[in-house]
Amino acid sequence: MSNEESPRSEERAGDEPADAPTPPPAPLDGRRRLLAGLWPPRVSRAQLVVALLLFGLGLGLAIQVRSNSEDSALRGARQEDLVRILDEVDDRTQRLEDEKQRLDDQRTELENSSDQAEEARKQTLEKERQLGILAGTVAAHGPGITLTVNDPGGGVAADMLLDAIQELRAAGAEAIEVNGVRVVANTYFAGDGGDIQVDGKRIEAPYEFKVIGKPQDLEPALNIPGGVVQTLEKEQAAAVVARSDDIVVDALRPAKQPDYARSSSQ
């Protein structure tokens, strides 16, 4: 009886039961546990709201820091410089307002004129004269200043004279002449001290600027602290500004016929 039971016992020992439990998975290492915790992301609604609030707060702080950095230059300026900057802004605003009023008046005249064709012709001629002054093809006269720069040491460079032109334009100069050369939109300065060229024409000291514009705006623009006059004086040059009720700018530029551009009315 014992011999018959022994093979059956061996068969049960060699075969696994059908309902034997599945062995547990192998434990994850640290890297796999980290990846399993991060992906897929599980974001709750509260976390999303907090993230949006933090983003908005960071954006506001960045804008505030940038605004403060842009205003730092003005905060460090002296009181007289701030007053000058404010005056220049007011002057430019007034000039724009005057130009707007002038254009409004022209429109009203065109609308109310009994002979609109004649009125349009007059305004066209006036506009042609104004453009001729800006282009340097027409002589001009009016109130303004004269800037005379003596450079005995030859320390005045071309960029210093160009800075003077830029300051005068920003202050409202309408016509400028330098040593017999009419300054227009595409005028350039080149050369070093003692060998300055304006639009390819060599000029020598003393450099004389004839400028038509409002003297009350032009002269302070040159005499601001750290401006044109002080820069020239650092190079041992003497700059003298004189106001005048009638400055004559009669150096002319030849009118060039465009090669390709044509009037849209043709």
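Residue numbers count from 1 along this sequence. Both backbone and side-chain heavy atoms feed into the values below; hydrogens, waters and symmetry mates do not. These numbers come from a predicted model, not from an experiment.
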Checklist entry - Does a salt bridge link Glu126 with Arg129, judged by any charged N lying under 4.0 Å from a carboxylate O? => result yes
Next on the checklist: Applying side chain to side chain donor-acceptor pair (under 3.5 Å), can you list everything that pairs with Arg253, at least two apart in sequence or on another chain?
Outcome noted: Asp199
Checklist entry - Looking only at atom types and distance, does a side-chain atom of Asp195 sit under 3.5 Å from a main-chain N or O of Gly191, one as donor and one as acceptor? => result no
Item to check | Flag if over 12 foreign heavy atoms under 6.0 Å of CG, Asp192 | outcome: no
Checklist entry - In Å, rounded to the nearest 0.5 Å, how long is the span from OH of Tyr207 to CD1 of Ile196? => result 4.5 Å
Checklist entry - Do you reckon Phe189 sits in the same ILVMFWY cluster as Val229, going by side-chain contacts under 4.5 Å, direct or chained? => result yes
Checklist entry - Where do Asp105 and Gln101 land on the side chain to side chain contact (heavy atoms under 4.5 Å, CB included) test, with the steps shown first? => result CA-CA 6 Å; Asp105 294 341; Gln101 184 62 43; 3.0 Å; yes
Item to check | Worked check of side chain to side chain contact (heavy atoms under 4.5 Å, CB included) between Thr146 and Glu208 | outcome: CA-CA 7 Å; Thr146 300; Glu208 185 180 50; 3.9 Å; yes
Checklist entry - CD of Glu128: more than 12 outside heavy atoms within 6.0 angstrom? => result no
Checklist entry - Does the Tyr188 side chain pair with the main chain of Leu162, one donor and one acceptor, at a distance under 3.5 Å? => result no
Checklist entry - side chain to side chain contact (heavy atoms under 4.5 Å, CB included) with Val211: which of Val178, Val241, Leu222, Ile176? => result Ile176
Next on the checklist: So if I apply the side chain to side chain contact (heavy atoms under 4.5 Å, CB included) rule between Val156 and each of Thr231, Asp151, Asn150, which one comes out positive?
Outcome noted: Asp151
Item to check | Euclidean distance, Leu218 CG relative to Asn223 CG, rounded to 0.5 Å | outcome: 11.0 Å
Next on the checklist: Looking at every heavy atom in both Pro215 and Ser244, which two are closest together, and how far apart are they?
Outcome noted: CG-O, 4.3 Å
Next on the checklist: Under the criterion side chain to side chain contact (heavy atoms under 4.5 Å, CB included), I'd like the reasoning laid out for Val183 against Phe209: C-alpha separation, chi angles, the key distance, then a yes or no.
Outcome noted: CA-CA 10 Å; Val183 176; Phe209 293 69; over 6 Å; no
Checklist entry - Within the side chain of Glu177, is there an N or O that forms a donor-acceptor pair under 3.5 Å with the backbone of Ala251? => result yes
Checklist entry - Are Ile145 and Ile165 co-members of a hydrophobic cluster defined by side-chain heavy atoms under 4.5 Å apart? => result yes
Checklist entry - At their closest point, which heavy atom of Thr148 faces which heavy atom of Pro206, and how far apart are they? => result CG2-CB, 4.2 Å
Checklist entry - Does Asp245 CG have over 12 foreign heavy atoms under 6.0 Å away? => result no
Next on the checklist: Given 3.5 Å as the limit, does a donor-acceptor pair link the side chain of Asn179 with the main chain of Glu204, or not?
Outcome noted: yes
Checklist outcome for this item: Correct closest heavy-atom pair for Leu147 and Ala239 would be CD1-CB, 4.1 Å
Checklist entry - Is Leu168 reachable from Ile203 through a run of hydrophobic residues whose side-chain heavy atoms are each under 4.5 Å from the next? => result yes
Next on the checklist: Would you compute the distance between atom CG of Leu134 and atom CD of Glu174 and round it to the nearest 0.5 angstrom?
Outcome noted: 8.0 Å
Item to check | Heavy-atom closest pair, residues Ile247 and Ile212 | outcome: O-CD1, 3.6 Å
Checklist entry - Checking side chain to side chain contact (heavy atoms under 4.5 Å, CB included) for the pair Val89/Thr93: CA distance, chi angles, key distance, verdict? => result CA-CA 6 Å; Val89 172; Thr93 302; 4.2 Å; yes
Item to check | Side-chain (Arg182) to main-chain (Ala175) donor-acceptor, under 3.5 angstrom | outcome: no
Checklist entry - Do the side chains of Met160 and Leu232 get nearer than 4.5 Å, heavy atoms only? => result yes
Next on the checklist: Can you give me the closest heavy-atom contact between Leu252 and Val138, atom names plus distance?
Outcome noted: CD2-C, 3.5 Å
Item to check | Short side-chain donor-acceptor distance under 3.5 Å, Asp90 and Gln94 | outcome: no
Checklist entry - Can Arg102 and Asp98 be counted as an ion pair, charged N to O under 4.0 angstrom? => result no
